[in-house]
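The shown structure was predicted, so the numbers you read here are calculated from the model rather than taken from an experiment. In what follows, chains carry the letters A, B, and so on, assigned in the order in which the sequence lines appear, proteins first and then strands, with residues in each chain numbered from 1. Every heavy atom of this structure was used, including side-chain atoms; hydrogens, water molecules and symmetry mates were not.
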2 protein chains.
Amino acid sequence: MLKKGIPRHSQISQWLRSQIEDGVFEAEEKLPSENDLAKKFDVSRVTIRRALQSLESEEIIYRCQGLGSFVSDKRTPHNLVRLTDFNEDMAKAGLNASSEVHEFKIIDAPSWLLPPLQLDEGTKVMQVDRLRMADGSPVAFDSTWLPILYGQLLSLEKLKSSTIYKILEEEYDISVIRGTYRFTADIADKSLASELKVDEGSPLLMIERSTYTIGNKPVYFQRRYYRTDKVTYEMTLERPQEDNGDYPELPMKEFIPVFNR
Amino acid sequence: MLKKGIPRHSQISQWLRSQIEDGVFEAEEKLPSENDLAKKFDVSRVTIRRALQSLESEEIIYRCQGLGSFVSDKRTPHNLVRLTDFNEDMAKAGLNASSEVHEFKIIDAPSWLLPPLQLDEGTKVMQVDRLRMADGSPVAFDSTWLPILYGQLLSLEKLKSSTIYKILEEEYDISVIRGTYRFTADIADKSLASELKVDEGSPLLMIERSTYTIGNKPVYFQRRYYRTDKVTYEMTLERPQEDNGDYPELPMKEFIPVFNR
DNA sequence: CAATTTAACTTGTATTAACATGTATTGATA
DNA sequence: TATCAATACATGTTAATACAAGTTAAATTG
């Protein structure tokens, strides 16, 4: 049942993770007892506990002495934030996402783009402008700049049905390891106003995103303008309930505002 | 050395936490080996490992087989986001924070405020308007509304030297358990423009914050406008390096955009 | 002297064993 | 009937032990 070469506790926690993911064990459902699991996998109870501990620290399950282990209700592993994708975000919100590619060209990198993409002067970059729509009406407009190295992997065809993130990850195995988001506000100039169908001078929520792959290599730099009447970014921070006394005064969560001078 | 009644592994992990916090073990410094710690506390190595495991899952330390355990460089436990405080944010950025209370009054709650504060029509609320400054120049302007229950605990005096968060937590033991942040953009009207010393129509980053105490009771609702030339909110999301195979495809971090219709 | 082997030390994995503590049910007792 | 004690079973704590595997440096070898 268990492969060799991979720690058993990892395999067991992985098995449980996928079982929970697949809905075999539903939310709030009681898992088999540690002894039962130990028998099932023919390992010691300690190994089972090691596996359950992983799931507990990921807040996928919670355990009650005397009662058993239960699947957490939270759909996403708490405290974990995923690097999200426009289409994915929209799908989660139950909206029909679509996008139009309005620009797909190679340009000389403007000077302000050199530092974020770690490029030298005179280098060319790929620029992709897209209008993002939810249920057919414009929600956001973004420009993305990529070093030619990565930009050449894209095509108009693919961009229509997929996202840059997915194309690079799934087709070329270039995965984004790190991403930095910057939130700021801007006002719609003539061009943005007409793209997003808002009045010139309207406030727009701007999110700049820098993404990096292994070795801190920049993959792309993106500026996205959201219609404020359409999108608000929201984030809930929760202070962990005083569980076991492990956190006496406790860590909550961090959110770093950067002050420009 | 160890008290009874409290699990030894908890006491040991707590001791290590505070030693690290106090700088006894600095960033990237190697901790004593598991065997050394076991001898020091006269416990088994398993107990030490249990303690280190807690610190590891909190990302306070990391461990390398064959090398030892090391203190993580990250100042704040990773993946944990703290509910922050304006003064604290500024201090961290090395700026001198100050604020002027421009309004401190009791008003009839406007209708749009009723749902977020879970109040009935006709209720009165406390409103506090403050201009926030960094090194003497205006950075943000916020209005905070509190149910009278909590508002009455504040005073002009205290607000000058402290923050609402601190006053309620430290003096009245009312601690904020949960907070929701919403990011959006707005433009400066005449009043905001003159407060923040920007042109009318300038873009401002607006952050709405709802905070709750135990039992999901709203403590206050706040609207803060940041000068975009002064402040950008930034957030870095990192995908955990494939450590042990525990996370095969996955979990990064979550950041929820809310789509208004 | 350089390359290799060995030894010592580190954390990682896993078992067996015992006892502590919390929860719920069952059955005897007042 | 209501209460309490016994019991079974859950997770929690901890020890003692063994071996695996990664790292480093010293010792050995060519």
Side-chain angles (χ1 to χ4, degrees), chain A residues 1-16 25 28-72 241-247, chain B residues 1-16 20 25 28-72 240-247:
Chain A
M1 186 144 196
L2 295 177
K3 296 173 194 169
K4 57 181 177 180
I6 304 167
R8 307 195 213 191
H9 69 80
S10 291
Q11 294 185 58
I12 293 168
S13 64
Q14 197 46 57
W15 181 82
L16 284 165
F25 297 118
E28 302 302 323
E29 191 176 337
K30 187 170 174 292
L31 294 178
S33 78
E34 297 179 355
N35 279 317
D36 288 353
L37 288 171
K39 267 179 212 159
K40 177 181 173 63
F41 288 101
D42 191 30
V43 297
S44 74
R45 193 181 143 218
V46 185
T47 302
I48 294 295
R49 283 184 65 75
R50 178 68 183 76
L52 292 179
Q53 222 167 306
S54 295
L55 301 182
E56 189 184 25
S57 76
E58 290 167 35
E59 301 196 45
I60 291 174
I61 64 166
Y62 62 90
R63 300 148 96 188
C64 297
Q65 188 173 151
L67 281 179
S69 301
F70 306 84
V71 178
S72 287
Q241 302 296 345
E242 195 168 328
D243 312 297
N244 40 17
D246 253 12
Y247 317 125
Chain B
M1 189 145 193
L2 295 177
K3 296 173 194 169
K4 58 181 176 180
I6 304 167
R8 306 196 212 193
H9 68 80
S10 290
Q11 293 185 57
I12 293 168
S13 64
Q14 197 44 58
W15 180 83
L16 284 165
I20 291 169
F25 297 118
E28 302 301 323
E29 190 176 338
K30 186 168 173 291
L31 294 178
S33 77
E34 297 180 355
N35 279 318
D36 287 352
L37 288 171
K39 267 180 211 159
K40 177 182 173 63
F41 288 101
D42 191 31
V43 296
S44 76
R45 196 183 141 217
V46 186
T47 303
I48 295 294
R49 283 184 65 75
R50 178 69 184 75
L52 292 179
Q53 219 168 300
S54 294
L55 301 183
E56 189 183 25
S57 75
E58 291 166 37
E59 301 197 45
I60 291 174
I61 64 166
Y62 61 89
R63 300 149 94 186
C64 298
Q65 187 175 146
L67 281 178
S69 301
F70 305 85
V71 178
S72 288
Q241 301 295 346
E242 197 167 327
D243 315 296
N244 40 15
D246 254 13
Y247 316 127

Look at the side-chain N and O atoms of [X] and state whether any lies under 4.0 Å from the OP1 or OP2 oxygen of [N].
{"X": "A:Thr47", "N": "C:dT15", "value": "yes"}
{"X": "B:Ser33", "N": "C:dT10", "value": "yes"}
{"X": "A:Arg49", "N": "D:dT11", "value": "no"}
{"X": "B:Arg63", "N": "C:dG12", "value": "yes"}

* Structure fact -> Sorted by position of nearest nucleotide on DNA chain C, 5' first, the leading residue of A:Leu67 and B:Cys64 is B:Cys64
* Asked: Starting at the 5' end of DNA chain C, which residue's closest nucleotide do you reach first, B:Leu31 or A:Gly66?
  ->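 Going by which nucleotide is closer to the 5' end, it is B:Leu31.
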Could you state the atom-to-atom distance from [atom1] of [X] to [atom2] of [N] in whole Å?
{"X": "A:Leu55", "N": "D:dT11", "atom1": "CG", "atom2": "P", "result": "13 Å"}
{"X": "B:Asp42", "N": "D:dT14", "atom1": "CG", "atom2": "C1'", "result": "12 Å"}
{"X": "B:Ile6", "N": "C:dT21", "atom1": "CD1", "atom2": "C1'", "result": "15 Å"}
{"X": "B:Arg50", "N": "C:dG12", "atom1": "CZ", "atom2": "P", "result": "15 Å"}
{"X": "B:Asn35", "N": "D:dA18", "atom1": "CG", "atom2": "C1'", "result": "14 Å"}
{"X": "A:Gln53", "N": "C:dA14", "atom1": "CD", "atom2": "P", "result": "14 Å"}
{"X": "B:Leu37", "N": "D:dA15", "atom1": "CG", "atom2": "P", "result": "13 Å"}
{"X": "A:Glu34", "N": "C:dG22", "atom1": "CD", "atom2": "C1'", "result": "13 Å"}

How many angstroms lie between atom [atom1] of [X] and atom [atom2] of [Y], to the nearest 0.5 angstrom?
{"X": "B:Ile48", "Y": "B:Leu16", "atom1": "CD1", "atom2": "CG", "answer": "7.5 Å"}
{"X": "A:Ser54", "Y": "A:Gln14", "atom1": "OG", "atom2": "CD", "answer": "10.0 Å"}
{"X": "A:Thr47", "Y": "A:Asp42", "atom1": "OG1", "atom2": "CG", "answer": "10.5 Å"}

* Base, sugar-phosphate, or nothing: which does A:Ser44 touch, judged by heavy atoms less than 4.0 Å apart? -> base
* To do: Over 60° means perpendicular and under 30° means parallel, so classify the ring planes of A:Phe70 and A:Tyr62, tilted if in between.
  => parallel
* Asked: Going by heavy atoms in the side chains, are B:Arg49 and B:Arg63 under 4.5 Å from each other?
  ->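 Side-chain contact under 4.5 Å: yes.
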* Would you kindly check whether a donor in the side chain of B:Arg45 faces an acceptor in the base of C:dG12, or vice versa, at under 3.5 angstrom? => yes
